[in-house]
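Only a predicted model underlies this, so the values are computations on that prediction, with no experimental measurement involved.
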Amino acid sequence: MNLPMVLTAVMGDLPSQMVIDEGRAGIKDVKGEISGTNNTDAPAHKNINQETKAPTINSGEPFTIENVRVDARGVHGQVATAWIPKLGVDRIVVIDDLTVKDDMQKTALKMAKPNQVKLSVLSTKKAVERLNEPTSYPGQKLLVIIQRIDTLKSLMELGYHFKEINMGNVPNRPDTTSYRRTVHLTEKEKEIIQQLINKGTHFTAQMVPNDSKADFDKIIQS
């Protein structure tokens, strides 16, 4: 039993094997993380207010965004064992104005990611700067993770919106309506998504890569 397993179990009516897989993927060698023997790109105790840097390769090539995923859990076993191998990404970009100020949260995200993948934890303002500059991450493939729907609103207010967003996990809370087994929205969050749809963002729903991709635009407007 561990925290990733518990978080997955309470997200919704998920298959038991998925809960077990999350628990297995959440087992980390903490001693190795602290000592540096697990070959991560930086010691676990390092202040990671700044994003970890990738080698300057393919310096003339722009980055590509392989997937934008709304997932309250951030980086977890499902992302590490299913999405990252499927997408072949070089870097995870987590955009959240609260997480960027929380060293404990940032350390947890770093420990959850695969060792070979870089991590950036950015505020919405810094994210807009990075994403508007095509060579911010030279030649890299990005997986962008949004932990809160409010972040999409903040990005929109700064003049940025994504072409497509995958709705993964938005937890059940008071005053929410269930739209998918793992997607629960308040009226405010629904309005934010509808505003983005009107601006041209297409929303899909897909738990893992092998699942069929559902048209969330139609789901939320039905």
Side-chain angles (χ1 to χ4, degrees), residues 3-23 25-26 65-84 86-87 89 92-99 105 108-109 112 121 124 127 142-157 160-222:
L3 185 57
M5 177 181 283
V6 173
L7 290 175
T8 302
V10 301
M11 288 298 292
D13 182 20
L14 301 176
S16 58
Q17 189 58 51
M18 182 179 293
V19 177
I20 293 170
D21 290 344
E22 283 293 309
I65 297 177
E66 299 299 314
N67 191 279
V68 181
R69 180 175 175 84
V70 175
D71 196 326
R73 294 173 294 171
V75 182
H76 54 91
Q78 204 174 78
V79 170
T81 62
W83 284 104
I84 288 174
K86 178 69 175 181
L87 298 171
V89 299
I92 302 168
V93 177
V94 177
I95 306 174
D96 193 272
D97 287 331
L98 299 180
T99 302
Q105 284 275 0
L109 290 170
V121 182
T124 51
L142 309 183
L143 168 61
V144 177
I145 294 180
I146 307 293
Q147 293 183 276
R148 298 177 298 116
I149 300 294
D150 281 352
T151 298
L152 296 176
K153 179 182 179 181
S154 298
L155 292 169
M156 181 169 51
E157 290 172 345
Y160 191 92
H161 66 275
F162 297 101
K163 293 181 179 179
E164 183 171 311
I165 297 174
N166 172 32
M167 300 294 290
N169 290 282
V170 185
N172 189 8
R173 292 149 293 150
D175 300 320
T176 59
T177 300
S178 178
Y179 292 91
R180 296 269 291 180
R181 190 166 58 181
T182 60
V183 178
H184 310 267
L185 304 173
T186 64
E187 280 300 310
K188 179 184 175 183
E189 291 170 338
K190 179 182 178 181
E191 289 174 7
I192 293 170
I193 291 173
Q194 289 176 325
Q195 289 173 19
L196 284 165
I197 291 173
N198 293 336
K199 286 183 173 292
T201 298
H202 176 49
F203 285 83
T204 63
Q206 190 178 22
M207 177 65 72
V208 292
N210 291 335
D211 290 345
S212 59
K213 187 184 291 187
D215 187 339
F216 197 76
D217 291 3
K218 293 181 179 178
I219 294 173
I220 200 171
Q221 293 172 353
S222 59

Would you say the side-chain atoms of T201 pair up with the backbone N or O of F162, donor to acceptor, closer than 3.5 Å?
yes
Check side-chain hydrogen bond (donor to acceptor under 3.5 Å, both in side chains) between D97 and all other residues, then give those that pass, not counting sequence neighbours.
T124
Nearest heavy atoms of L155 and A127, plus distance in Å
CD2-CB, 4.5 Å
Any donor-acceptor N/O pair, N67 side chain to L143 backbone, under 3.5 Å
no
Angle class for the Y179/F216 ring planes (parallel below 30°, perpendicular above 60°, tilted otherwise)?
perpendicular
Where F203 and D217 come nearest, the two heavy atoms and their spacing
N-OD1, 2.8 Å
For the atom pair CD (E191) and NZ (K153), what is the distance rounded to the nearest 0.5 Å?
9.0 Å
Atom pair OG1 (T99) and CZ (R148), whose distance is rounded to the nearest 0.5 Å
7.0 Å
With heavy-atom distances below 4.5 Å as the criterion, would you say the side chains of L185 and T176 are in contact?
no
To the closest 0.5 Å, what do you measure between CG (D175) and CD (E187)?
9.5 Å
Between M167 and I219, is there a side-chain heavy-atom distance shorter than 4.5 Å?
no
Between R69 (side chain only) and N169 (backbone N and O only), is there a donor and an acceptor less than 3.5 Å apart?
no
Between I92 and I84, does the side chain to side chain contact (heavy atoms under 4.5 Å, CB included) criterion hold? Intermediate values first, please.
CA-CA 9 Å; I92 302 168; I84 288 174; 3.5 Å; yes
Does a side-chain heavy-atom distance below 4.5 Å link K163 with V68?
no
Check whether any side-chain N or O of T81 sits under 3.5 Å from a backbone N or O of G77 as a donor-acceptor pair, and report yes or no.
yes
Return yes if some donor-acceptor pair links the side-chain N/O of Q206 with the main-chain N/O of P209 below 3.5 Å, else return no.
yes
Side chain to side chain contact (heavy atoms under 4.5 Å, CB included) assessment of L109 paired with V121
CA-CA 9 Å; L109 290 170; V121 182; 4.1 Å; yes
Pick out which of V208, I145, L87 makes a side chain to side chain contact (heavy atoms under 4.5 Å, CB included) with V79.
I145
What are the two closest heavy atoms between M207 and D211, and how far apart are they?
CB-OD2, 3.3 Å
For the student: nearest non-hydrogen atoms of A80 and A112, plus distance
CB-O, 3.9 Å
Taking the side chain as every heavy atom from C-beta outward, state whether V70 and E189 have any pair of such atoms under 4.5 Å apart.
no
d(L152 CG, I95 CD1) to nearest 0.5 Å is 8.5 Å
Hey, what do you get for CD (Q78) to CZ (R73), rounding to the nearest 0.5 Å?
5.0 Å
Surrounding CG of N198 (heavy atoms of other residues, nucleotides or ligands, distance under 6.0 Å), is the total greater than 12?
yes
Spacing of D96 atom CG and Q147 atom CD [to the nearest 0.5 Å]
5.0 Å
